[in-house]
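Below: the structure, in structure tokens.
Because only heavy atoms are used, hydrogens play no part in the values below, and waters and symmetry mates are left out as well, while side chains stay in. The first residue in the sequence is number 1, and the count goes up from there.
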Amino acid sequence: MDYDRAYNSRLMTASDAVDLIKSGNWVDYGCFLATPITLDRELAKRAGQIEDVKVRSLGFPGLAAVAKADPEGRSFRYNSWHFTGADRKLHDQKVCNYIPLLYHEGPGYYEKHDITTDVMLLRTTPMDHKGFFNFGVSNSFTRAQISAAKQVIIEINENMPYCYGGNEEQIHISEVDAIVESNHEEMFCLPEPAISDIDQQIAEIVVSQIENGSCLQLGIGAMPNAIGKLIASSNLRDLGVHTEMLCDSFVDIYEAGCISNRGKKQDVGKFVYTFALGSKKLYDFIDHNPSCSSYPVDYTNHLNNIAANDKAIAINNALEIDLFGQVSSESSGTRHISGTGGQLDYTYGCYHSRGGKALICLSSSVVDRDGTRKSRIRPFLEPGTITTLPRVMVNYVVTEYGMINLKGKSTWERAKALISIAHPEFRDELMEHAKRMNIHM
Ligand SMILES: CC(=O)SCCNC(=O)CCNC(=O)[C@H](O)C(C)(C)COP(=O)(O)OP(=O)(O)OC[C@H]1O[C@@H](n2cnc3c(N)ncnc32)[C@H](O)[C@@H]1OP(=O)(O)O
Ligand SMILES: CCCC(=O)O
């Protein structure tokens with residue numbers, strides 16, 4: 001195949017490319033930083049000209065133009081697999097819907113035809129000399145989306161890092177219907193989160209649970225950042241990484257000499273992840289780095305693969321937990337905040353790893369906008385609150401007041417343990433609730 005000729009025959013303007021999208025189509029966007037920013041903007045310009053185009057997105061960096069362009073929702077219906085802060089705002093404005101997602105099952109939804117897709121739009125690296133476009137920092141369920149789509153349009157961006165894959169990290173020119181050369185925007189960078197005293201206290205408890213040779217999963221936010229900094233200044237050695245998200249903390253920990261990935265049982269010597277999101281430091285680290293392997297999410301988040309490594313540690317945040325031990329990480333009442341994401345996958349998988357632990361971390365209370373302190377350990381989840389982890393799955397829970405293990409405990413022992421790590425202001429009240437709810441000794 002003459003790749004240059006194939007490339008030129010598919011090259012078109014963004015405006016012509018989005019013309020391939022017709023009224024009534026389902027359109028899938030690439031996930032996280034594979035989001036096709038240029039094509040999204042161009043598609044948004046069609047508001048009023050086309051009808052009922054349904055868009056699915058995961059981790060859109062910023063505000064989706066198609067959602068902003070059409071407040072009436074006649075041309076576009078924007079759907080998110082996992083709410084970002086921007087998606088939350090769009091949802092509050094009624095121009096975004098959430099699609100429940102158990103992340104490791106994502107590829108299956110396409111492969112089993114639970115859903116269909118007409119056009120896939122994604123951002124990739126430029127084509128290499130063998131006719132491949134690399135998915136860069138977002139493997140996720142890109143291959144499943146491509147296989148399901150009737151047409152594939154890519155926008156290339158020179159700033160997308162080139163990421164080696166365990167598998168399914170690229171698309172060949174022969175599979176592409178249209179190519180758009182974008183303005184090569186800089187990769188979106190997450191702002192450095194401010195670490196509070198409470199994040200720091202929780203991080204200290206978490207790091208005390210990590211041993212030489214532990215295999216880590218870290219999520220997003222200030223607390224994982226605090227953990228990263230603490231590990232980087234520790235004497236921990238030979239840590240491994242098998243995670244859904246690769247974040248800046250892993251670079252700090254690696255540069256401090258704590259990660260070798262040599263103690264892993266699977267993917268020895270490799271950082272394993274399905275998407276990377278952070279700062280330029282992270283993107284420079286993974287670019288052409290043979291020690292980093294991106295895999296589809298049904299590999300990184302599969303129970304067997306998470307559990308394959310010994311001493312696998314899951315460290316995730318939650319919004320609330322009730323006295324039964326049910327965890328919500330995605331809504332507060334009917335206000336949808338985020339998503340299940342990979343929390344359930346890693347909580348289950350790490351518990352099944354030899355010597356593994358699953359930690360759910362949350363500050364014991366939050367202060368509302370009106371200044372009222374609210375306990376995050378609640379008698380029961382409020383009506384409408386979504387349970388992300390059923391109580392049987394929950395292993396360790398950490399607040400700034402300590403760490404407890406819920407496995408094997410009776411309802412009374414669970415409630416008592418949870419109350420022991422609640423904010424002191426709420427402990428008596430929670431105990432009264434427990435008794436009224438017939439949770440007793
Ligand atoms: C990418 C990864 O994390 S991989 C890890 C696996 N995936 C998961 O764990 C998915 C589920 N978890 C998550 O999405 C996150 O960890 C969360 C939402 C639980 C916490 O994330 P954080 O960024 O620390 O949350 P943050 O404190 O900024 O709050 C997010 C929103 O929830 C609101 N919120 C937080 N706590 C509460 C609460 N108890 N009640 C009501 N609202 C709350 C905040 O006000 C904020 O809303 P806003 O943006 O409209 O102001
Ligand atoms: C869906 C990916 C993000 C997460 O797991 O939180």
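Using a 4.5 Å heavy-atom threshold, the side chains of Leu190 and Ser279 count as separate. Using a 4.5 Å cut-off on side-chain heavy atoms (C-beta onward), Glu168 and Thr142 make no contact. The closest side-chain heavy-atom distance from Thr387 to Val327 is not below 4.5 Å. Two residues are said to be in side-chain contact when any heavy atoms from C-beta on lie closer than 4.5 Å; Glu185 and Asn157 meet this criterion. A 4.5 Å side-chain heavy-atom check between Arg88 and Arg335 finds at least one atom pair inside the cut-off. Inter-residue side-chain proximity for Val137 and Leu277 is flagged as unmet; no heavy-atom pair is nearer than 4.5 Å. At a threshold of 4.5 Å between non-hydrogen side-chain atoms, the residues Leu389 and Ile360 count as touching. Inter-residue side-chain proximity for Arg143 and Pro296 is flagged as unmet; no heavy-atom pair is nearer than 4.5 Å.
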Check your understanding: Should Lys374 and Glu382 be marked as a salt bridge (charged side-chain N to carboxylate O under 4.0 Å, His left out) after you check the CA-CA gap, both sets of side-chain angles, and the distance that decides it?
Key -> CA-CA 13 Å; Lys374 190 172 118 187; Glu382 294 298 320; over 6 Å; no
Practice item. Take Arg373 and Ser365, measure what side-chain contact (heavy atoms from CB on, under 4.5 Å) needs, and give me the verdict at the end. Key: CA-CA 7 Å; Arg373 186 179 292 282; Ser365 65; 2.7 Å; yes
Point to revise | Working for salt bridge (charged side-chain N to carboxylate O under 4.0 Å, His left out), residues Glu432 and Arg427 | key: CA-CA 9 Å; Glu432 283 309 311; Arg427 288 184 194 169; over 6 Å; no
Check your understanding: So Gln343 and Thr388, side-chain hydrogen bond (donor to acceptor under 3.5 Å, both in side chains) or not? Walk me through it.
Key -> CA-CA 8 Å; Gln343 182 163 121; Thr388 305; 5.2 Å; no
Exercise for review: Determine, step by step, whether Asn225 and Ile195 satisfy the side-chain contact (heavy atoms from CB on, under 4.5 Å) criterion, reporting the C-alpha distance in whole Å, the side-chain angles of both residues, the deciding distance to 0.1 Å, and the verdict.
Suggested key: CA-CA 8 Å; Asn225 221 38; Ile195 298 173; 4.3 Å; yes
Point to revise | Steps toward side-chain contact (heavy atoms from CB on, under 4.5 Å) verdict (Leu246, Leu218) | key: CA-CA 8 Å; Leu246 202 68; Leu218 285 176; over 6 Å; no
Practice item. Show the numbers, then the answer: is there a salt bridge (charged side-chain N to carboxylate O under 4.0 Å, His left out) between Lys265 and Asp310? Key: CA-CA 7 Å; Lys265 290 268 162 54; Asp310 293 345; 2.5 Å; yes
Point to revise | Intermediate values then yes/no, side-chain contact (heavy atoms from CB on, under 4.5 Å), Leu359 and Asn395 | key: CA-CA 7 Å; Leu359 276 60; Asn395 184 189; 5.9 Å; no
Practice item. For Asp252 and Ser249, run side-chain hydrogen bond (donor to acceptor under 3.5 Å, both in side chains): C-alpha distance rounded to whole Å, both residues' side-chain angles, the deciding distance at 0.1 Å, then the answer. Key: CA-CA 5 Å; Asp252 299 336; Ser249 290; 5.1 Å; no
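Of the options Phe60, Tyr109, Phe32, Tyr103, a ring pair (Phe, Tyr, Trp, His ring centres under 6.0 Å) to Trp81 is made by Tyr109 and by none of the others. Remark: of the listed residues Asn301, Asp267, Asn167, Asn305, Asp267 is the sole one forming a side chain to side chain donor-acceptor pair (under 3.5 Å) with Tyr295. Applying side-chain contact (heavy atoms from CB on, under 4.5 Å) to His242 and the options Tyr273, Phe271, Tyr346 leaves one that passes, Tyr346.
The distance from the CD1 atom of Ile231 to the CG atom of Leu236 is 6.5 Å, given to the nearest 0.5 Å. A distance of 7.5 Å separates NZ of Lys407 from CE of Met393, quoted to the nearest 0.5 Å. Residue Phe426 holds its CZ atom at 8.0 Å from OG of Ser364, rounded to the nearest 0.5 Å. To the nearest 0.5 angstrom, Lys270 atom NZ is 10.0 Å from Asn261 atom CG. Asn25 contributes atom CG, which lies 8.0 Å from atom NZ of Lys54 (distance to the nearest 0.5 angstrom). In this structure, the separation between OG1 on Thr124 and CD1 on Ile156 is 6.5 Å, given to the nearest 0.5 Å.
The closest donor-acceptor contact from the side chain of Asp177 to the backbone of Val152 lies under 3.5 Å. Using modelled atom types, one side-chain atom of Arg414 and one backbone atom of Phe324 make a donor-acceptor pair closer than 3.5 Å. Between the side chain of Thr411 and the backbone N or O of Ile439 there is no donor-acceptor pair closer than 3.5 Å. Asn79 places a side-chain N or O within donor-acceptor distance of the main-chain N or O of Val55, the cut-off being under 3.5 Å. Looking only at distances, a side-chain donor or acceptor of Thr84 sits under 3.5 Å from a matching main-chain atom of Asp87. A donor-acceptor distance shorter than 3.5 angstrom exists from the side chain of Lys409 to the backbone of Asn405, with no hydrogens or angles considered. A donor-acceptor contact shorter than 3.5 Å links the side chain of Asn134 to the backbone of Cys163. Under a 3.5 Å cut-off, the side chain of Glu320 and the backbone N or O of Ser328 do not form any donor-acceptor pair. Formation of a donor-acceptor pair under 3.5 Å by the Ser80 side chain with backbone atoms of Tyr98 is not found in this model. With hydrogens and angles disregarded, a donor-acceptor distance shorter than 3.5 Å links the side chain of Arg376 to the backbone of Leu319.
Minimum interatomic distance between Val297 and Pro107 (heavy atoms only, all atoms of both residues): CG1-CD, 3.6 Å.
Taking the side-chain hydrogen bond (donor to acceptor under 3.5 Å, both in side chains) definition, one finds that Asp118 meets it with Lys150, sequence neighbours left out. Under the rule for a ring pair (Phe, Tyr, Trp, His ring centres under 6.0 Å), the partners of His172 that lie at least two apart in sequence or sit in another chain are Tyr3, Phe132. In this structure Lys435 satisfies the side-chain hydrogen bond (donor to acceptor under 3.5 Å, both in side chains) test with no other residue, sequence neighbours excluded.
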Enumerate, atom names and distances included, each donor-acceptor pair closer than 3.5 Å involving a side-chain atom of residues 253-260, sequence neighbours excluded.
residue	atom	partner	partner atom	Å
Ser260	OG	Asp238	OD1	2.6
Ser260	OG	Arg262	N	3.1

Residues 284-294, side-chain donor-acceptor partners within the protein, below 3.5 Å, at least two apart:
residue	atom	partner	partner atom	Å
Asp284	OD1	Lys280	NZ	3.3
Asp284	OD2	Lys280	NZ	3.0
Asp287	OD1	Tyr162	N	2.8
Asn289	OD1	Ser291	N	2.9
Asn289	OD1	Ser291	OG	2.8
Asn289	ND2	Phe285	O	2.9
Ser294	OG	Asn139	ND2	3.1

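For the residue pair Thr300 / Glu244, no side-chain donor-acceptor distance below 3.5 Å is found, with atom types taken as modelled.
Residue pairs meeting the side chain to side chain donor-acceptor pair (under 3.5 Å) criterion with at least one member in residues 26-35, sequence neighbours excluded, are Asp28-Arg56, Asp28-Tyr110, Asp28-Thr117, Asp28-Gln145, Tyr29-Asp40.
For Asp368, the CG atom is densely surrounded, since the number of other residues' heavy atoms within 6.0 Å is greater than 12.
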